[in-house]
Amino acid sequence: MNVAVIGTGYVGLTTAVSLALHGHRVIGIDVDEEKVKQLRKKKSPIYEPGLEEALETVVEQGTLSFGSSLADEAAEAEILFICVGTPESEDGTADLRYLFAAVEELRLLQQHDPRKRAVVVKSTVPVGTGDRVADLLREFASVHVVSNPEFLREGRALRDALNPSRIVIGADHAEAFALMDQLYERLSAEWVRTTRANAEMIKYASNAFLATRISFMNELSRLSAALGTDIEVIARGMGLDSRIGPEFLRAGLGYGGSCFPKDTIALLQVAKEQGVSLGILEQVREVNRTQPSWYVQLMRERLQGLVGKRIAVLGLSFKPDTDDIREARSLPVLAELLEAGALVSAYDPVSAEAVARLYPQVRYAQDVYETLTDADAALLVTEWKDCVELQWDRVKEVMASPVLFDGRNAWPTQIVKRHGFTYCGVGKS
Ligand SMILES: NC(=O)c1ccc[n+]([C@@H]2O[C@H](COP(=O)([O-])OP(=O)(O)OC[C@H]3O[C@@H](n4cnc5c(N)ncnc54)[C@H](O)[C@@H]3O)[C@@H](O)[C@H]2O)c1
């Protein structure tokens, strides 16, 4: 099928590449001309495992191309995905200006070249947005509007796009469902066929629930630390219950990224507009906001103050295997450490440059061991493989003092203790 993907960020580029890998003819459209230039040279503007190699393959095969004008370059498309950002506005609601700008371009395209098309909203949008888009396109009887929320995880985006956990399609016409069936015929996943509003709500409810699990465990980790119990053992014991399951039970410094923070506040704002209270979600956000301060306070107590202490921070992106630093927990952690008078060095395999623009006072190292050299303590913020799998003898040798703060409960506790480190995890005795 002929497909256009509007917006070639984390979701759009991954969607475009995966559809091209499935044999569709795809054009990615972006207003950012620099990005388009780079993509045409088969260079991915984002770091995602396997994405650049796949991009190279499909561009060379001629199944994926890029452009910056929908009207001039995407007229052939029968399915047009909207994958633009829906960031948080000042008041917490989802900012839909990029989405409606894309819809305006779609209107112009349809006026200029009327034909049967499906407009598929993949961006995360509040309930009712798809219906608003349908209203804006109502004059074109041959256009269907579909909601198809995306559930990929950064760091494994391409794998998730090629093997999705489920395909959720919201539409109001059999022809629209049939088009989506044809588009995704090579994917094997459970399908949910429903209304646009239900599809939109499934996305917000999923993210809110995952964020709730994380904050639940983080809040519990504070009690666990006070009681001297081990939150990791507790999580394992809980996760073996099939009604609970093991995922998203790891205590740490909290969630970040471009989705959970903005989607939870957007859902709260929608609830507020409806006069409905979502108190649980308010507390989820509050725990997430305060978790880094709670942990830095613990560091302050253990180190008897942070003034002049050399702290090596390992990992800066919001999670491993991505360069995304949006709402990364490293940002409040760095702010708190610097504010407390610590001398901070930091390492991240791909995100150091972006963080350096925000925190130039930090010393950025080329590798983990350089970061750790002469440090009074190390703090794991993001569990990149090369921040977790360390040569512990070497770590001990280069550090001024063998003190480890494991903000992700990812270091091997028994091994580091055997090597003589003082170890402090999250919610562990
Ligand atoms: N990043 C994720 O992990 C993820 C996962 C699921 C859902 N989502 C949702 O998907 C949407 C996109 O997220 P993202 O992280 O890919 O965003 P992003 O910021 O990485 O990319 C958005 C892209 O859209 C482009 N753009 C903006 N207006 C445009 C227009 N009118 N025409 C063409 N291009 C335009 C921007 O230049 C940018 O390249 C959001 O709604 C987000 O909530 C994101």
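All ligand and atom numbering here is 1-based and tracks the order in the structure.
- A donor and an acceptor atom, one from each side chain of Y255 and N218, are nowhere located under 3.5 Å apart.
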**Message:** Apply side chain to side chain donor-acceptor pair (under 3.5 Å) to residues E336 and S293 and explain how you reach the verdict.
**Reply:** CA-CA 7 Å; E336 296 243 1; S293 325; 2.8 Å; yes
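- In the vicinity of L152, heavy-atom distances shorter than 4.0 Å reach the ligand 1 atoms 3 (O), 5 (C).
- Atoms of ligand 1 lying under 4.0 Å from any heavy atom of K35, numbered from 1 in the order shown and given with element: 38 (C), 39 (O).
- Within the 4.5 Å cutoff, no side-chain heavy atoms of K116 are placed close to those of L179.
- Contact check for I79 versus M1: side-chain heavy atoms found under the 4.5 Å cut-off.
- The side-chain contact (heavy atoms from CB on, under 4.5 Å) with V120 is formed by just one residue from the set V3, L80, I6, N148; it is N148.
- Between the side chains of T413 and K428, at least one donor N or O lies within less than 3.5 Å of an accepting N or O.
- Judged by the shortest distance from any of its heavy atoms, R153 lies outside the 4.0 Å radius around the atoms of ligand 1.
- Residue contacts with ligand 1 for S258 involve side-chain atoms from C-beta outward but no N, CA, C or O (heavy atoms, distance under 4.0 Å).
- Geometrically, ligand 1 and K203 share no nitrogen or oxygen pair separated by less than 3.5 Å.
- Counting the atoms of ligand 1 from 1 in the order shown, those under 4.0 Å from a heavy atom of I6 are 32 (N), 33 (C).
- Ligand-side atoms of ligand 1 in range of K262: 42 (C), 43 (O), range being under 4.0 angstrom from any heavy atom.
- Ring centroids of W392 and F421 are separated by less than 6.0 Å, placing the two rings close together.
- Those atoms of ligand 1 with a heavy atom of I29 less than 4.0 angstrom away are 33 (C), 34 (N).
- Counting protein heavy atoms only, atom 22 (C) of ligand 1 is closest to G85 N, 3.6 Å.
- The structure places CZ of R326 at 12.5 Å from OG of S317, a figure rounded to the nearest 0.5 Å.
- Rounding to the nearest 0.5 angstrom, the gap separating the CZ atom in F248 from the CD1 atom in I214 is 5.0 Å.
- Of the protein's non-hydrogen atoms, the one nearest atom 31 (N) of ligand 1 is E105 OE2, 3.4 Å.
- Taking 4.5 Å as the limit, some side-chain heavy atom of Q291 sits within range of a side-chain heavy atom of V426.
- Of the protein's non-hydrogen atoms, V31 CG1, 3.6 Å is the one closest to atom 30 (C) of ligand 1.
- Using a non-hydrogen distance threshold of 4.0 Å, E48 does not register as a contact of ligand 1.
- The shortest N or O to N or O distance between E154 and ligand 1 is below 3.5 Å.
- With hydrogens left out, the protein atom closest to atom 24 (O) of ligand 1 is G7 CA, 3.4 Å, a heavy atom.
- Among G155, A157, C83, the residue whose heavy atom lies nearest to atom 12 (C) of ligand 1 is C83.
- Checking only distances, V11 does come within under 3.5 Å of ligand 1, N or O to N or O.
- Proximity annotation for atom 28 (N) of ligand 1: of V121, V125, V84, V103, V84 comes nearest, heavy atoms only.
- Atom 15 (O) of ligand 1 has its closest protein heavy atom at R326 NH2, 3.1 Å.
- When only non-hydrogen protein atoms are considered, atom 7 (C) of ligand 1 lies nearest to T124 OG1, 3.6 Å.
- For P49, the side chain to side chain contact (heavy atoms under 4.5 Å, CB included) criterion is met by Y47, D321, not counting sequence neighbours.
- Scanning all protein heavy atoms for the shortest distance to atom 18 (P) of ligand 1 gives G9 CA, 4.0 Å.
- Contacts of E286 classified as salt bridge (Lys or Arg N to Asp or Glu O under 4.0 Å), with partners at least two apart in sequence or in another chain: R289.
- Side-chain N/O atoms of R300 and Q297 include a donor and acceptor closer than 3.5 Å.
- For atom 41 (O) of ligand 1, the nearest protein heavy atom (residue, atom name, distance) is T86 OG1, 2.5 Å.
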